There are 2 protein chains.
Amino acid sequence: MATLKDIAQKCGVSTATVSYVVNNSPRQVLPATREKVLKAVAELGYQPNAYARALKGFRTQVIGVVFPHVTVPLTNVYFGPVLEGIVAQATERRMATMLLTGFTWEETEQGAEREFSGICDGFLLIAPRRDSQFASDLAKSGVPLVSVGTQVAEPGVSSIDSDNRTGGRLATEHLLALGHRRIAMILTGEDVSPSNSGKPVKHNWSALERQHGYWDALRAWGMEPDPNLTATIWHDPVASRSSARRLLNQRPTAVFGCNDGAAYRTVEVCRESGIRVPEDLSVIGFDDIANAASFDPPLTTIRQPIFEIGANAVEMLCAQIEGRAQEVEHRLMPVELIQRRSTAHI
Amino acid sequence: MATLKDIAQKCGVSTATVSYVVNNSPRQVLPATREKVLKAVAELGYQPNAYARALKGFRTQVIGVVFPHVTVPLTNVYFGPVLEGIVAQATERRMATMLLTGFTWEETEQGAEREFSGICDGFLLIAPRRDSQFASDLAKSGVPLVSVGTQVAEPGVSSIDSDNRTGGRLATEHLLALGHRRIAMILTGEDVSPSNSGKPVKHNWSALERQHGYWDALRAWGMEPDPNLTATIWHDPVASRSSARRLLNQRPTAVFGCNDGAAYRTVEVCRESGIRVPEDLSVIGFDDIANAASFDPPLTTIRQPIFEIGANAVEMLCAQIEGRAQEVEHRLMPVELIQRRSTAHI
DNA sequence: GTGAAAGCGCTAACAG
DNA sequence: CTGTTAGCGCTTTCAC
């Protein structure tokens with residue numbers, strides 16, 4: 001790999017001159033010299049060494065995308081589109097995206113910190129834990145950072161997410177407007193089944209926000225949320241099913257699943273139990289994942305702009321990197337009700 | 001960000017000593033000194049600078065994943081799982097994955113070459129063009145490189161793909177065994193519709209390989225392929241539909257779609273035309289994408305191990321990076337027939 | 001056992 | 001207009 005020095009020698013000029021030519025720096029260079037240099041550059045296929053450059057304090061044009069767990073697949077209905085938005089926007093800005101992950105979240109954070117804190121201009125944390133150490137450390141060192149899909153506890157860390165609370169309210173209001181009064185909600189959480197039963201359930205941040213919206217709507221209609229009408233499901237399919245079944249035994253007329261997957265699993269349980277959707281039970285989801293429209297019945301849901309969340313995250317991060325960032329910002333992306341056929345008038 | 005020098009000063013030792021301690025180098029260091037250094041390292045939160053290290057000729061532990069076009073989404077049925085396999089295997093080996101893409105393939109290649117050829121230890125090209133300039137350049141400079149899903153023209157570039165030809169044969173033999181004799185094939189190609197009609201169709205490399213397998217099987221059964229029983233579809237849905245319809249007018253009893261998407265679109269066209277699958281027409285696909293089993297009817301197809309292709313690609317690349325690579329290797333991953341309900345006895 | 005110093009490739013301040 | 005040189009943070013040879 002040819003270096004500045006090689007070019008300089010070949011042309012009988014100094015490395016400084018070569019540097020000025022290749023960088024189009026403001027310094028005046030004799031046209032003849034410039035041409036000579038350019039020719040040598042082309043001949044030797046010279047590429048500036050990104051590392052040496054970075055060592056001089058330049059931007060690396062790389063953003064690190066830190067995501068929780070290598071087995072939360074990229075084909076996942078949330079991570080996939082978010083990453084797509086990130087990559088599209090990064091490409092637009094001619095930046096590269098470095099994927100940083102591990103087999104546990106701790107490992108992910110440690111690895112990211114140990115290896116790449118010097119390489120990346122900034123980081124996007126995808127759905128980090130609220131108490132993320134990595135987020136705190138980076139924030140304290142002033143490294144550009146945006147948390148996606150969760151607000152971390154550490155103040156000073158900007159974040160972006162959809163407006164989950166409003167979405168929860170919208171979903172519930174839709175059901176209320178349809179005449180439903182016994183409206184159940186299904187939350188999701190970290191795995192609390194067999195292996196770590198006993199520990200308190202750790203619900204997803206977003207699920208909890210959506211629940212707040214659900215409560216907001218109920219209260220606005222003068223109703224108090226009934227704890228019996230809330231259930232939690234998680235990765236374990238068996239335990240989740242029985243949880244869903246217990247909920248249905250409470251005879252709700254409508255169910256708000258905190259995401260489309262939860263809603264869909266509810267529909268499945270209904271089918272097994274002979275409950276018809278939407279005739280006997282209305283079901284609404286959240287996310288509007290790619291195939292929500294081809295569910296049977298097509299799922300009424302709250303759409304969140306997943307791709308745009310990714311794109312906006314990059315934009316926010318770049319603002320920080322370039323020093324144009326205002327204050328800490330918690331950007332909330334708009335959600336909307338997508339009415340399909342899984343909800344009906346009571 | 002603390003540097004070696006900071007630590008050295010704080011401890012009243014030389015940077016060399018600090019370096020030896022943090023790297024666990026073989027040089028003997030007085031336990032007391034070692035401890036002092038380690039303490040300072042912890043206090044100052046020292047992280048070695050990856051760039052400075054790389055400048056000394058060390059591995060960067062980053063692999064560049066070059067993929068064609070930012071709008072070929074990561075949620076794509078092929079790219080998604082491939083990338084998943086890549087990331088999983090890279091993580092296993094504690095390497096990071098850098099996503100390199102652009103808005104055109106040319107741009108992607110130029111950007112990757114210009115900016116990142118010094119940063120990455122090696123590159124994975126996802127479905128590059130056969131005449132990729134980037135591949136040639138890298139191969140000539142001896143940069144570790146594996147082409148995924150296509151063999152490039154440049155000799156000396158290792159590749160990995162599924163055994164498309166065998167898969168094409170398997171699909172066709174399945175149909176033949178079911179008693180079919182008028183077996184059509186649907187290929188896919190680059191967009192040759194409105195905008196660039198007139199230009200010769202550029203078929204996908206893999207589609208062509210599968211077609212070879214199709215021919216192999218027919219000939220082994222003493223039949224000569226009928227050109228009228230082959231059609232090409234592409235991104236344009238309208239033109240593709242009419243192409244599919246023309247094919248069906250030739251009255252095949254079975255269709256082999258070169259991928260599941262093509263097969264599925266054929267089923268749709270059939271439905272519109274009142275042709276029942278599999279009663280009137282058997283349809284077989286290729287890939288076994290995630291939702292092939294939930295098609296209506298569930299699609300008989302040839303499974304290719306997409307995730308494993310990604311994982312193997314990383315393994316091959318690392319062998320090159322670490323100098324353990326044998327010769328140029330064109331690894332072919334095994335495929336298998338997945339029998340479902342879109343094919344039936346004639 | 002430890003320190004001084006060269007040098008990886010590059011940029012930019014300083015001298016001509 | 002161009003060359004010399006210091007130094008980014010690190011590793012490693014050589015000398016003590």
Side-chain angles (χ1 to χ4, degrees), chain A residues 1-38 40-41 44-62 113-121 141 143, chain B residues 1-38 40-41 44-62 113-121 141 143:
Chain A
M1 192 117 271
T3 71
L4 264 197
K5 210 158 116 193
D6 296 334
I7 308 279
Q9 268 165 5
K10 190 171 157 116
C11 301
V13 298
S14 75
T15 60
T17 303
V18 180
S19 172
Y20 287 121
V21 171
V22 299
N23 292 316
N24 265 310
S25 295
R27 187 211 264 216
Q28 296 296 327
V29 177
L30 221 52
T33 315
R34 152 164 279 125
E35 198 139 325
K36 201 163 54 174
V37 169
L38 255 19
V41 163
L44 272 58
Y46 168 75
Q47 306 282 355
N49 181 310
Y51 283 110
R53 230 174 199 171
L55 207 49
K56 299 289 295 184
F58 280 55
R59 304 262 88 99
T60 61
Q61 305 288 80
V62 176
E113 178 140 29
R114 201 177 44 243
E115 301 292 341
F116 302 104
S117 50
I119 291 196
C120 303
D121 289 341
S141 342
V143 176
Chain B
M1 192 112 275
T3 72
L4 264 196
K5 209 159 117 192
D6 297 332
I7 308 280
Q9 265 164 7
K10 191 173 157 112
C11 299
V13 299
S14 75
T15 59
T17 302
V18 180
S19 172
Y20 286 122
V21 171
V22 300
N23 292 314
N24 266 309
S25 295
R27 190 211 261 218
Q28 296 295 330
V29 177
L30 223 47
T33 316
R34 152 164 281 124
E35 198 140 323
K36 203 165 51 175
V37 170
L38 254 21
V41 164
L44 272 59
Y46 168 75
Q47 306 283 356
N49 180 308
Y51 283 111
R53 232 174 196 172
L55 207 49
K56 299 292 289 187
F58 281 53
R59 302 264 87 99
T60 61
Q61 304 288 81
V62 176
E113 178 139 30
R114 201 177 44 243
E115 301 291 340
F116 300 104
S117 52
I119 290 197
C120 303
D121 288 343
S141 343
V143 176

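Bear in mind that the values here come from a model prediction, so they are computed numbers and not experimental data.
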Could you pull out every donor-acceptor pair under 3.5 Å between side chains of residues 46-56 of chain A and any protein atom, sequence neighbours left out?
| unit_1 | atom_1 | unit_2 | atom_2 | d |
| --- | --- | --- | --- | --- |
| A:Asn49 | OD1 | A:Tyr51 | N | 2.6 |
| A:Asn49 | OD1 | A:Ala52 | N | 3.0 |
| A:Tyr51 | OH | B:Ile119 | O | 3.0 |
| A:Arg53 | NH2 | A:Asn23 | OD1 | 2.5 |

Checklist line | Under 4.0 Å protein heavy-atom contacts per nucleotide of nucleotides 4-11 of chain D, with B for base, S for backbone only and - for none | finding: BB-BBBBB
Checklist line | salt bridge (Lys or Arg N to Asp or Glu O under 4.0 Å) partners of residues 18-37 of chain A, not counting sequence neighbours, each pair once | finding: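 Found none.
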Margin query: Please find the pair of heavy atoms, one from A:Gln61 and one from A:Asp121, that lie closest to each other, and give the distance.
Written below: N-OD2, 2.7 Å
Margin query: Please identify the 5'-most and 3'-most nucleotides of DNA chain C with any atom under 4.0 angstrom from a heavy atom of chain A.
Written below: C:dG9 to C:dC14
Next item on the list: Name the nucleic acid region contacted by A:Thr33, choosing base, sugar-phosphate or nothing; use a 4.0 angstrom heavy-atom cut-off, strictly under.
Entry: sugar-phosphate
For residues 1-13 of chain B, dump all side-chain donor-acceptor pairs below 3.5 Å to protein atoms at least two apart in sequence or in another chain.
| unit_1 | atom_1 | unit_2 | atom_2 | d |
| --- | --- | --- | --- | --- |
| B:Thr3 | OG1 | B:Lys5 | N | 3.2 |
| B:Thr3 | OG1 | B:Asp6 | N | 3.4 |
| B:Thr3 | OG1 | B:Asp6 | OD2 | 3.4 |
| B:Asp6 | OD2 | B:Thr3 | N | 2.8 |
| B:Lys10 | NZ | B:Glu43 | OE1 | 2.9 |

Check: Through what angle, rounded to 10 degrees, does the axis of the helix from C:dG1-D:dC16 to C:dG16-D:dC1 turn between its ends, using five pairs per end?
Finding: 50°
